[in-house]
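Working notes, beginning with the structure itself.
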Amino acid sequence: MAKRYWLMKCEPSAYTIEDLERDGRTSWEGVRNYQARNFMRDDMHVGDGVLFYASNADPSGVTGTAQIVRAGYPDHTAWSKGHKYFDHAKGEDSPVWYMVDIGFGQRFGATVPLETLKATPGLEAMAVTQKGSRLSVQPVTKSEFQLVVRLGRSR
DNA sequence: GCCAACGTTGGC
DNA sequence: GCCAACGTTGGC
């Protein structure tokens, strides 16, 4: 299985690359979008690379990297009553929502801002640089991943 | 905080 | 199956 690459968004008020550096690894629960769910359930594999993207941040952008350390498994928070991600329509017998675990990779010296991503040749096709793109889990190519890492390391 | 763009829901 | 209404996302 060839290694794949992903970009995952999170608001800093929920979780940051600094949190991941401290924790070492974390579970990526709470995704309630079918397209993102499909990527996590079907296409993510241990060892895949992840660009960690801070949304609604100042500035928004890629703050570091991670890797998949556990492939897709049912998101139990969807059927935990009272949990903030509880989804009453779904039962434990037929999981609808999935999550993965990610491990810390590296923290960039500074955020690679969205503005920079948009202005960098070779990154034009990234979903995150498209207007109106809201997908919180999205595939990126190997060259896009490597380009962003290079931008991050030089900061 | 504003608001445009998007995804989902539900009436018909 | 259409589409208006609604809730959410996320840049600014």
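Residue numbering restarts at 1 for every chain, and letters A, B, ... go by the order of the sequence lines.
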What integer distance in Å separates [X]:[atom1] from [N]:[atom2]?
| X | N | atom1 | atom2 | value |
| --- | --- | --- | --- | --- |
| A:Q130 | B:dA4 | CD | P | 21 Å |
| A:K118 | C:dG10 | NZ | P | 13 Å |
| A:L114 | C:dT9 | CG | P | 18 Å |
| A:Q35 | B:dT8 | CD | P | 9 Å |
| A:L135 | C:dG11 | CG | P | 13 Å |
| A:E11 | B:dG1 | CD | P | 14 Å |
| A:N33 | C:dT9 | CG | P | 10 Å |

Single hit among A:F108, A:F104, A:W28 for ring-ring contact (aromatic ring centres under 6.0 Å, His included) with A:F52
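Of all the options given, the one that passes is A:W28.
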Output the single nucleotide from C:dG11, B:dA4, C:dG10 whose closest atom is nearest the side chain of A:K131.
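Of C:dG11, B:dA4, C:dG10, B:dA4 is nearest to the side chain of A:K131.
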Residue set satisfying salt bridge (Lys or Arg N to Asp or Glu O under 4.0 Å) with A:D19, at least two apart, ordered chain then number -> A:R22
With sequence neighbours excluded, tell me which residues meet side-chain hydrogen bond (donor to acceptor under 3.5 Å, both in side chains) with A:R150.
none
Does any residue of residues 53-63 of chain A have a heavy atom under 4.0 Å from DNA chain C, and if so, which ones, in number order?
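When residues 53-63 of chain A is checked for heavy atoms under 4.0 Å from DNA chain C, the hits, listed by number, are A:Y53, A:S55, A:N56, A:S60.
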Heavy atoms only: give me the nearest A:Q138-A:L135 pair and the separation to one decimal.
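The pair with the smallest heavy-atom distance is NE2-O, 3.0 Å.
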To check you understand the geometry: which heavy-atom pair defines the closest contact between A:V128 and A:L7, and what is its length?
CG1-CD1, 4.1 Å
So, does A:K9 get its side chain near the phosphate of C:dT8, meaning an N or O under 4.0 Å from OP1 or OP2?
no
For A:R37, I'd like to know if atom CZ has over 12 heavy atoms of other residues, nucleotides or ligands within 6.0 Å.
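Enclosed.
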